[in-house]
*Asks:* 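Supplied in structure tokens, the structure appears directly below.
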Protein chains: 2
Amino acid sequence: MKTYQPRLLQDDLYSIPIDEFFKSAFSVDCVIFGYHECELKILLIQRGTEPYENYWALPGDLVYPNEDLDTAASRILNDLTTLTNIPIKQVKTFGKVDRHPLGRVITIAYLALVEPADLAPHASSWASQTQWHSMNDIPQLAFDHREILDVSLEELKTRILQEDIWHRVLPEKFTLTQFQEVFETILGKAFDKGNFRKKVVKYKFLRKLAEAQTNVSHRPSLLYTFDANRFQEMKANGFSFDF
Amino acid sequence: MKTYQPRLLQDDLYSIPIDEFFKSAFSVDCVIFGYHECELKILLIQRGTEPYENYWALPGDLVYPNEDLDTAASRILNDLTTLTNIPIKQVKTFGKVDRHPLGRVITIAYLALVEPADLAPHASSWASQTQWHSMNDIPQLAFDHREILDVSLEELKTRILQEDIWHRVLPEKFTLTQFQEVFETILGKAFDKGNFRKKVVKYKFLRKLAEAQTNVSHRPSLLYTFDANRFQEMKANGFSFDF
DNA sequence: ACAGTAATTGTAAATTATACAAAAAGCTTT
DNA sequence: AAAGCTTTTTGTATAATTTACAATTACTGT
């Protein structure tokens with residue numbers, strides 16, 4: 001039988017039949033955060049089968065033998081939300097030996113931030129249900145999903161400063177207050193309104209429109225749009241918010 | 001035969017025997033950067049077997065069935081350098097379907113920064129040789145290792161600002177100029193000496209000693225040590241250099 | 001018209017960054 | 001021993017940015 005000779009070791013102590021190495025699987029777990037009106041949520045499914053039956057869990061699936069990892073992540077997100085073209089990016093791989101009761105399964109976590117209102121209401125024609133949970137009230141989770149969620153939240157805090165993922169959770173035309181609220185909610189801290197506004201306006205990728213809010217019982221706010229091109233240019237030069 | 005029913009799909013189109021999923025393997029590739037006197041290097045091995053025989057490659061190995069990912073990374077680093085207790089952290093997982101000619105193998109990249117002089121000279125009792133290469137002169141690499149290296153270099157630039165990995169490439173007692181050179185080399189840009197010094201001194205985790213350099217043909221520099229406790233405290237509060 | 005509310009603009013003080021220049025402390029050369 | 005060379009170390013004047021507020025504005029509802 002052909003054996004796998006570890007390339008880095010000098011003796012034969014650890015010779016293991018190569019087949020033993022090709023008995024693993026990997027899954028992708030999607031950490032799908034939702035933001036709506038100052039609340040951060042997380043999309044969870046309730047498992048319909050063992051192991052961890054009835055537990056809440058991050059939506060995930062095994063990766064098909066001929067499927068790229070990134071493709072698998074997009075597929076799962078799409079199956080679950082019907083959303084397409086959502087940027088979804090790798091966070092980290094979790095690979096403890098005993099993390100999965102059924103065998104050696106490592107999982108690659110992916111992260112996305114979406115607007116919950118964009119989701120097609122998902123009739124659960126299969127056993128497990130899908131539900132948004134507030135980040136302030138997370139049930140016990142299956143596997144090591146709590147750890148994955150914690151790590152991903154930290155990653156979200158980093159990404160929101162570097163990428164334009166906040167764009168997806170705001171309407172096409174938005175106020176600077178709405179913009180500020182996204183950052184306050186996700187980063188978990190408040191900013192001085194006047195100073196925050198001056199800081200972001202000077203970057204020039206938020207473009208002031210001629211329109212204003214209507215039907216608000218106070219001074220109406222001017223509306224802004226996002227100039228994605230300008231942002232990409234700045235990102236290419238290493239731009240990042242320093243909140 | 002038992003089949004794996006993808007949890008997220010509503011029909012049976014994709015039912016695949018579950019065995020098909022457990023035919024993958026994963027490897028760990030170590031991106032070991034070395035810094036010495038204003039030069040950044042990378043540790044490569046020359047492969048002694050197919051595929052990619054004779055190509056230079058990042059040192060890596062398949063992960064044993066009962067081995068944690070982090071453990072595998074430390075093992076490989078230790079086999080190669082005899083170094084222990086080096087912090088080595090995950091960068092990213094690379095999982096294109098066709099990245100490995102022998103089957104479905106995804107690889108998890110890990111990163112470390114070490115002082116080349118610390119390495120026990122490694123008699124190559126096995127076919128492939130191990131060698132430091134300047135980052136300015138990288139040969140063609142096996143698999144997708146060039147991409148892995150590029151991503152890891154970017155990650156190194158981020159980590160050097162947030163973690164104390166620079167500590168390992170400096171002697172116990174070092175000058176502020178040496179300290180500055182590490183950052184200049186890795187980030188690839190120069191800083192004003194006076195201003196750089198003032199900025200880092202005010203953080204208080206570099207402690208001035210009563211000693212100075214000797215036998216230098218110019219004003220001798222005062223020596224500093226690193227106060228790791230103070231740094232950890234600051235890191236816990238979100239500290240990061242803003243060079 | 002007036003009160004209530006949040007948006008927007010303004011500003012003074014404090015802090016930090018930047019670009020240099022000057023002084024200091026060794027060795028080396030004359 | 002003095003003068004020169006080199007790099008460290010400290011200083012400084014200016015510009016730029018941050019911060020904490022205050023003042024003003026523009027709507028709705030009474």
Side-chain angles (χ1 to χ4, degrees), chain A residues 36-39 161 166 170-185 187-226 234 237-243, chain B residues 36-39 161 166 170-185 187-226 234 237-243:
Chain A
H36 189 74
E37 288 179 357
C38 298
E39 205 183 2
L161 298 179
W166 48 264
L170 289 175
E172 192 56 34
K173 302 170 181 181
F174 54 87
T175 70
L176 290 185
T177 299
Q178 288 177 307
F179 182 78
Q180 180 173 351
E181 285 166 352
V182 176
F183 287 87
E184 290 188 332
T185 302
L187 297 176
K189 55 182 169 181
F191 303 104
D192 179 276
K193 209 164 188 179
N195 295 337
F196 183 92
R197 150 188 308 270
K198 265 173 286 187
K199 182 176 259 181
V200 301
V201 159
K202 75 163 187 276
Y203 295 132
K204 310 276 193 198
F205 53 71
L206 300 182
R207 254 223 258 292
K208 191 191 278 188
L209 298 174
E211 284 175 79
Q213 281 181 315
T214 51
N215 276 22
V216 286
S217 75
H218 54 75
R219 176 171 177 173
S221 181
L222 293 173
L223 295 172
Y224 286 74
T225 45
F226 174 51
M234 294 181 64
N237 291 329
F239 170 81
S240 161
F241 287 115
D242 59 343
F243 300 144
Chain B
H36 189 74
E37 288 180 358
C38 298
E39 205 182 2
L161 299 178
W166 47 265
L170 289 175
E172 192 56 34
K173 303 170 180 181
F174 53 88
T175 70
L176 290 186
T177 299
Q178 289 177 307
F179 181 77
Q180 180 173 350
E181 284 166 353
V182 175
F183 288 86
E184 290 188 332
T185 302
L187 297 175
K189 54 182 169 182
F191 303 104
D192 178 276
K193 209 163 187 179
N195 296 336
F196 183 92
R197 148 189 309 269
K198 265 173 284 187
K199 182 176 260 182
V200 302
V201 160
K202 75 162 185 277
Y203 295 131
K204 311 273 193 202
F205 52 72
L206 300 183
R207 255 223 259 292
K208 189 190 280 189
L209 299 174
E211 285 175 80
Q213 281 180 313
T214 49
N215 274 24
V216 286
S217 75
H218 54 73
R219 177 171 177 173
S221 181
L222 293 173
L223 294 173
Y224 287 75
T225 45
F226 174 51
M234 294 182 63
N237 291 329
F239 170 81
S240 161
F241 286 116
D242 60 343
F243 301 144

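Chain A is the first sequence line, chain B the second, and so forth, proteins listed ahead of strands; every chain is numbered from 1. These numbers come from a predicted model, not from an experiment.
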*Asks:* Nearest whole Å is fine: how far is dT5(C) P from Gln213(A) CD?
*Replies:* 16 Å
*Asks:* With heavy atoms under 4.0 Å as the rule, sort Thr177(A) into base, sugar-phosphate or nothing.
*Replies:* sugar-phosphate
*Asks:* For Val216(B) and for Asp242(B), find the nucleotide of DNA chain C with the closest heavy atom, then tell me which residue's nucleotide is more 5'.
*Replies:* Asp242(B)
*Asks:* Give me the atom names and distance for the closest heavy-atom approach of Phe243(B) to Leu161(B).
*Replies:*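 Here Phe243(B) and Leu161(B) meet closest at CD1-CD2, 3.9 Å.
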*Asks:* Using a heavy-atom cut-off of under 4.0 Å over every strand shown, decide if Leu222(B) touches base, sugar-phosphate, or nothing.
*Replies:* sugar-phosphate
*Asks:* What distance do Arg207(A) atom CZ and Leu223(A) atom CG have between them, rounded to the nearest 0.5 Å?
*Replies:* 15.0 Å
*Asks:* Start at the 5' end of DNA chain D and walk down; is the nucleotide closest to His218(B) or to Ser221(B) reached first?
*Replies:*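 Residue closer to the 5' terminus by nearest nucleotide: His218(B).
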*Asks:* Look at the side-chain N and O atoms of Lys202(B) and state whether any lies under 4.0 Å from the OP1 or OP2 oxygen of dA17(C).
*Replies:*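 Yes, because at least one side-chain N or O of Lys202(B) sits under 4.0 Å from OP1 or OP2 of dA17(C).
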*Asks:* Without decimals, in angstroms, what is the distance between Asn195(A) CG and dA23(D) P?
*Replies:*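 Distance check: Asn195(A) CG to dA23(D) P gives 16 Å.
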*Asks:* Could you tell me the separation between the CZ atom of Phe243(A) and the C1' atom of dT19(D), rounded to a whole number of Å?
*Replies:* 15 Å
*Asks:* Distance criterion of 3.5 Å, no angle test: do you see the side chain of Lys198(B) paired donor-to-acceptor with the base of dT15(C)?
*Replies:*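 Donor-acceptor pair under 3.5 Å: no.
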*Asks:* Would you indicate, yes or no, if dT15(C) has its OP1 or OP2 atom less than 4.0 angstrom from a side-chain nitrogen or oxygen of Lys199(B)?
*Replies:* no
*Asks:* With the side chain of Pro220(A) defined as its heavy atoms from C-beta on, choose the nearest nucleotide among dC21(D), dT18(C), dA26(D).
*Replies:*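 Nearest to the side chain of Pro220(A) among the choices is dA26(D).
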*Asks:* Looking only at non-hydrogen atoms, find the nearest pair between Tyr203(B) and Met234(B) and report the distance.
*Replies:*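 Nearest heavy atoms, Tyr203(B) then Met234(B): O-SD, 3.4 Å.
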*Asks:* Decide yes or no on ring pair (Phe, Tyr, Trp, His ring centres under 6.0 Å) for Phe183(B) and Phe191(B), but give the supporting numbers first.
*Replies:* CA-CA 9 Å; Phe183(B) 288 86; Phe191(B) 303 104; 7.8 Å; no
*Asks:* Within this structure, what is the CZ-to-C1' distance between Phe191(A) and dC21(D), rounded to whole angstrom?
*Replies:* 18 Å
*Asks:* Figure out the CZ/P separation between Phe179(A) and dT8(C), and round it to whole Å.
*Replies:*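 Atom-to-atom, Phe179(A) to dT8(C), this comes out as 14 Å.
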*Asks:* Where each residue is assigned the nucleotide of DNA chain C containing its nearest heavy atom, which of Arg197(A) and Ser217(A) is assigned the position nearer the 5′ end?
*Replies:*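 Of the two residues, Ser217(A) wins.
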*Asks:* To the nearest Å, give me how far apart CG (Asp192(B)) and P (dT16(C)) are.
*Replies:* 18 Å
*Asks:* Should the ring pair Phe226(A) and Phe205(A) be called parallel, tilted or perpendicular, given that the plane angle runs from 0 to 90° and is split at 30 and 60?
*Replies:* perpendicular
*Asks:* Could you tell me the separation between the CZ atom of Phe196(A) and the P atom of dT8(C), rounded to a whole number of Å?
*Replies:* 13 Å
*Asks:* Spell out yes or no: do the side chain of Arg219(A) and the base of dT25(D) have one donor N/O and one acceptor N/O closer than 3.5 Å?
*Replies:*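 Such a pair exists between side chain and base.
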